[in-house]
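Step one of this worksheet: look at the structure below.
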Amino acid sequence: MRIGDIKELPDDNTGTVPAMVKSIAWAVVGTRGLFCGVKRWFLYRRIMKRATIEEIFDCYRRVIEMIPYADIATMKSVMEQLSVSISKDNE
């Protein structure tokens with residue numbers, strides 16, 4: 001997905017940028033600590049109000065690059081196994 005693609009998305013895909021910003025906030029704050037939820041919410045609102053689409057895409061790309069390739073491969077195999085089991089259940 002490129003920055004230019006966001007402007008071409010139909011109206012029913014309005015959740016793309018907020019989902020990206022939520023993942024950025026999760027990556028920055030993490031999950032440990034007493035007030036992590038408040039910090040994530042505050043960071044999410046701040047990014048949504050002040051960041052441009054280009055800055056959000058750049059930051060999201062950097063967050064994705066932090067994920068080790070082995071973890072991505074593991075997630076892919078788990079998702080494939082899940083889709084196979086779902087398709088078998090539907091038959």
Provide the closest heavy-atom pair for [X] versus [Y] in the form atom of the first, atom of the second, distance.
{"X": "Ala25", "Y": "Tyr44", "value": "CB-N, 4.3 Å"}
{"X": "Asp58", "Y": "Arg61", "value": "OD1-NH2, 2.6 Å"}
{"X": "Cys36", "Y": "Val29", "value": "O-CG1, 3.8 Å"}
{"X": "Cys59", "Y": "Ile24", "value": "SG-CG2, 3.4 Å"}
{"X": "Ile56", "Y": "Ile47", "value": "CG1-CG2, 4.2 Å"}

So if you build clusters from Ile, Leu, Val, Met, Phe, Trp, Tyr with side-chain heavy-atom gaps below 4.5 Å, do [X] and [Y] land together?
{"X": "Val28", "Y": "Val63", "result": "yes"}
{"X": "Ile53", "Y": "Ile64", "result": "yes"}
{"X": "Val21", "Y": "Met66", "result": "yes"}

A quick test of your reading: do over 12 heavy atoms of other residues, nucleotides or ligands sit less than 6.0 Å from CZ of Arg50? no
Going from CZ on Phe57 to OG1 on Thr52, what distance comes out if it is rounded to the nearest 0.5 angstrom? 11.0 Å
Enter the distance from Met48:CE to Met20:CE here, rounded to the nearest 0.5 Å. 10.5 Å
Arg40 side chain to Gly30 main-chain N or O, any donor-acceptor pair under 3.5 Å? yes
